[in-house]
Amino acid sequence: MASFTRLSLILMTSCCGGALLSGCDGALSVASPGEGVIVVPAPTPAAPTPSPTPTPTPGTPAASCPSGTIDRGVIGSFRGCRIPSLITGTTTLAKLPGVAYEINGRVDVGIDIGGAGTAPGGQSAILTVAPGAIFYANELDADNDYLIVNRGSRMLAEGTETAPIIFTSGQNLRGTATDESQGQWGGIILAGRAPISNCNLGGVVGGAANCENVVEGTGTALYGGDAPADNSGVFRYVQIRYSGTILAEGVELQGLTLGGTGYGTAIDHVQIHNSSDDGIEIFGGRTNLKHIAITGADDDSLDYDVGWRGQVQFLLAVQKPTNTQSDNYMLEIDSNNGEDALPRTWGQIANFTFVHTTTGTNAAIRIRGGADSRFVNGIVTTPQACLNIVAGADAGGKTTIRAADSTPSTSSPVVTGTLGALQEYGPPLFHSIYFACGTNKYAASTVNGVSVTTAEQLAVVENAPSTNIVIGGTIGAALVNMYQIGTGPAAVTATNAANFNPAPATGLAAFFVNAPYLGAVSPTAGDPNATWFQRWTCNSNRINFGATSGACTALPVN
């Protein structure tokens, strides 16, 4: 793993004046990775303007790398250009013909400013990535390659439908990645200062500025604080391919990790493809997600815990045909063994399609640890049980299915969550769901001597306040072409997800929109949400999004 030690700063001039790795804060401060230190010579008398470097023919490597990066030679159809291991200040990475940016070891954006913003030595940074830029991990080094945006910094990765930003492996550039490739690098981590519940110091209250923890697998990177509106940047029209390094038993990096990121962070139109661990894992915080495609995750598609309180709409998750992990759920919802840790996990998922394929996991969705959830307008297919609701304590009722501790607040998220001391919303809530399960609809597990029986789970799903639930659906009637709504869910009355938006008094903008159908994809021609997943995504043997999406094993002509 790359060292986090501050290294010598390189001061680069020509702010935004045609520089390809440019800083707009008067000077770009970039720490050299220690290999091939970049030296900026003193100014010399003006010389005749040289002829411009010819633009390479599409599909051929660039002749050289932009200033501030290290030339790594030709890799496939690209020239590899290594970015520094520490980026501070304001930096822009342009899309350049024939250039791919290399992530070597651990790459830090900014230096952690702490949960209260006062950590000694902390430095905020803003890294802007142009549409169409391609990043790859250096598979030839022994380090675990990943990029982390530290607390107080932002990454603005805004691609477009026709020019998505792609983060992938070196093998993908070399043309050796296949539909079965996974775990070839560590992925992307955003660390923020929003509330979490799993403080790593005794006596610290969840959600406090000093309630923080180490991002799994990094050793030193911290997340958490007391700023629910914290902004770690924008990820829009982004692909993350072949990630999910497993560092040790139970210690993994995912495709995209959100650690304590706030609702100022925008995650929209993001595909995670072939992560060897989770597609996306959310550790607390308040970030909402929209238009998410998770294809081929070997562990959970979406995993959220330790006090995350947020919303997801338009989530399409398709598992890989065969899995090597033994507990791969479409959703794993938890509180990290803190049954009543505060803030309590409270997630709302609307308009989702889950295609669960494994027979090695007991259910498609696992809810445990006292976490609260609401599910709206969903389609779930699985050869196994649909639900595995687990409680690890029986304090005042089994923690995952006990009644709300008082009248729930109408806002989500809020500081207290509900009017009660436990922030308890009660049993999971289901509105307009089509479950196409195996023979057993529910799976029971025993933790600490406590079991939520299949009869108790049935009562939660099929009784009020749950509405419009089909638990005996069939896979054949559930979906067409793996993602379009089938005749079964089409016959179920949808629920207006906008009814569950935060109350205006919270100051939060409305997030859920009324999508009056089940599943992640609109059946109405001309509706933007009928084609939201096309063009910017990639195809594989997990799912084919159509001719407008390229193959995941290939890269766009650059």
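Any value given below was found using the heavy atoms of this structure, including those in side chains, with hydrogens, waters and symmetry copies removed. Nothing fancy with the numbering, it's 1 onward along the sequence.
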- prompt: Do the ring planes of Phe314 and Trp532 sit parallel (below 30°), tilted (30 to 60°) or perpendicular (above 60°)?
  reply: tilted

- request: Answer yes if the side chains of Asn328 and Thr361 hold a donor-acceptor pair under 3.5 Å, and no otherwise.
  value: yes

- request: Determine, for Glu180 against Arg542, whether the closest basic-nitrogen to carboxylate-oxygen distance falls under 4.0 angstrom.
  value: yes

task: Measure the spacing between CZ of Arg79 and OG of Ser64 and express it to the nearest 0.5 Å.
output: 7.0 Å

- prompt: Atom CD1 of Ile543 and atom OG1 of Thr537: how far apart are they, to the nearest 0.5 Å?
  reply: 8.5 Å

query: Does one side chain, of His291 or Asn529, offer a donor that lies under 3.5 Å from an acceptor on the other?
result: yes

query: Can the ring centres of Tyr136 and Tyr101 be said to be less than 6.0 Å apart?
result: no

field: Check: Gln313 side chain, Lys290 main-chain N or O, donor-acceptor pair, under 3.5 Å
entry: no

query: So, the side chain of Gln239 versus the backbone of Trp536: is there a donor-acceptor pair under 3.5 Å, distance only?
result: yes

Flag, side chain of Asn172 to backbone of Thr553, donor-acceptor distance under 3.5 Å: yes

message: Whether the side chain of Asp278 engages the backbone of Asp299 through a donor-acceptor N/O pair (distance < 3.5 Å, no angle test) should be reported.
response: no

query: In Å, rounded to the nearest 0.5 Å, how long is the span from OG of Ser301 to CD of Glu332?
result: 11.5 Å

statement: Applying salt bridge (charged side-chain N to carboxylate O under 4.0 Å, His left out) to Asp230 and not counting sequence neighbours gives Arg193

message: I'd like to know if Arg151 and Asp112 make a salt bridge, using a cut-off of under 4.0 Å between side-chain N and carboxylate O.
response: yes

query: Does a donor on one side chain and an acceptor on the other come within less than 3.5 Å for Ser432 and Tyr517?
result: no

- prompt: Has the side chain of Ser124 got a donor or acceptor atom that lies under 3.5 Å from a matching backbone atom of Gly152?
  reply: yes

task: Would you tell me whether Asn362 and Tyr329 have side-chain atoms, one donor and one acceptor, within less than 3.5 Å of each other?
output: yes

- prompt: Tell me, do Thr218 and Ile189 make a side-chain contact under 4.5 Å, heavy atoms counted?
  reply: yes

query: Going through the checks in order, is the side chain to side chain donor-acceptor pair (under 3.5 Å) test met by Gln271 and Thr295?
result: CA-CA 7 Å; Gln271 179 185 15; Thr295 54; 3.2 Å; yes

task: Determine, for Arg106 against Asp143, whether the closest basic-nitrogen to carboxylate-oxygen distance falls under 4.0 angstrom.
output: no

task: Indicate whether any N or O donor in one side chain lies under 3.5 Å from an N or O acceptor in the other, for Gln182 and Lys320.
output: yes

